[in-house]
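Quick notes on the structure that follows.
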Amino acid sequence: MCEFFVSADPILYESRTRTVRIRGVSTSIRMENFMWDTLAALAAEEGVTTNALIAQFHDEILRHRGDVQNFASFLRVTCLRYLRRKLDAAEGHQPGGPIDGALGGSLDGHLLDGTGPAFPQSTH
């Protein structure tokens, strides 16, 4: 099992800093290339740019939580939740299982609520 993980291309876990404009303010976000690639895939499914998606996530998390202590960590968890939902959909599982709930519930009425094109609608 470890061979699969340790044989990953180092470029995937190399960090990259990008500048994103959120509410007219430029901010730098540093994450691994794999996370940036995952955000780009999510943005493409939503029909927006990666920067627009990040700005939307920022606005929605502020509306929902009032503050975000570590936005880069939030984005990483968002990427993992996105990948988990894709896996669940491919395997025919419904979103909202134990791992989904453990990673923090959904934001009602927004992109993060799990109803966009990247997130299959739950039937329960």
Side-chain angles (χ1 to χ4, degrees):
M1 178 172 132
C2 291
E3 181 64 27
F4 173 78
F5 297 106
V6 299
S7 65
D9 185 348
I11 197 79
L12 294 173
Y13 52 86
E14 182 178 284
S15 292
R16 180 174 27 173
T17 302
R18 288 193 178 174
T19 301
V20 179
R21 186 169 295 277
I22 299 174
R23 294 184 170 258
V25 177
S26 291
T27 187
S28 294
I29 300 173
R30 184 173 183 85
M31 292 191 306
E32 298 75 16
N33 286 320
F34 184 78
M35 295 301 169
W36 286 115
D37 292 346
T38 303
L39 279 176
L42 175 53
E45 286 191 22
E46 296 295 330
V48 297
T49 66
T50 303
N51 285 3
L53 181 71
I54 290 170
Q56 186 172 355
F57 280 147
H58 187 267
D59 288 348
E60 290 182 15
I61 193 71
L62 286 180
R63 276 195 303 272
H64 185 73
R65 301 266 182 224
D67 188 22
V68 58
Q69 296 296 317
N70 189 333
F71 189 58
S73 290
F74 166 79
L75 291 174
R76 285 184 189 93
V77 170
T78 297
C79 288
L80 293 171
R81 293 184 74 207
Y82 164 74
L83 293 172
R84 180 55 186 232
R85 287 196 181 216
K86 295 287 281 183
L87 176 63
D88 286 347
E91 292 180 345
H93 300 268
Q94 294 298 321
I99 191 77
D100 195 40
L103 293 177
S106 61
L107 301 180
D108 295 333
H110 300 291
L111 179 67
L112 300 181
D113 69 357
T115 60
F119 303 103
Q121 187 68 34
S122 175
T123 57
H124 63 277

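Bear in mind that the values here come from a model prediction, so they are computed numbers and not experimental data.
When all heavy atoms are compared, the tightest approach of Ala55 to Ile22 is CA-CG1, 4.3 Å. The shortest heavy-atom contact between Arg30 and Ala72 is O-CB, 4.1 Å.
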### Task
List the steps and the verdict of salt bridge (charged side-chain N to carboxylate O under 4.0 Å, His left out) for Asp88 and Arg84.
CA-CA 6 Å; Asp88 286 347; Arg84 180 55 186 232; 3.2 Å; yes

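The OH atom of Tyr82 lies 14.5 Å from the CG atom of Leu75; values are rounded to the nearest 0.5 Å. The structure places CZ of Phe34 at 10.5 Å from CG of Leu39, a figure rounded to the nearest 0.5 Å. To the nearest 0.5 Å, the span separating CG on Leu42 from NZ on Lys86 amounts to 9.0 Å. The distance from the CD atom of Glu60 to the CG atom of Leu53 is 9.0 Å, given to the nearest 0.5 Å. Note that OG1 of Thr49 is 10.0 Å distant from CD of Gln56, once rounded to the nearest 0.5 Å. Note that CE of Met35 and OH of Tyr13 are 14.0 Å apart. Values are rounded to the nearest 0.5 Å.
Looking at heavy atoms from C-beta onward, Val20 lies out of side-chain contact with His58 at the 4.5 angstrom threshold. A heavy-atom distance below 4.5 Å is not found between the side chains of Thr78 and Arg81. Arg18 has its side chain within reach of Thr50: a pair of non-hydrogen atoms, C-beta onward, lies under 4.5 Å apart.
Within a 6.0 Å sphere centred on CZ of Phe71, heavy atoms belonging to other residues, nucleotides or ligands number more than 12.
Note on Val77: it does not cluster hydrophobically with Leu87, by side-chain heavy-atom contacts below 4.5 Å among ILVMFWY residues. Both Phe57 and Leu83 belong to a common hydrophobic cluster when Ile, Leu, Val, Met, Phe, Trp and Tyr are linked at side-chain heavy-atom distances under 4.5 angstrom.
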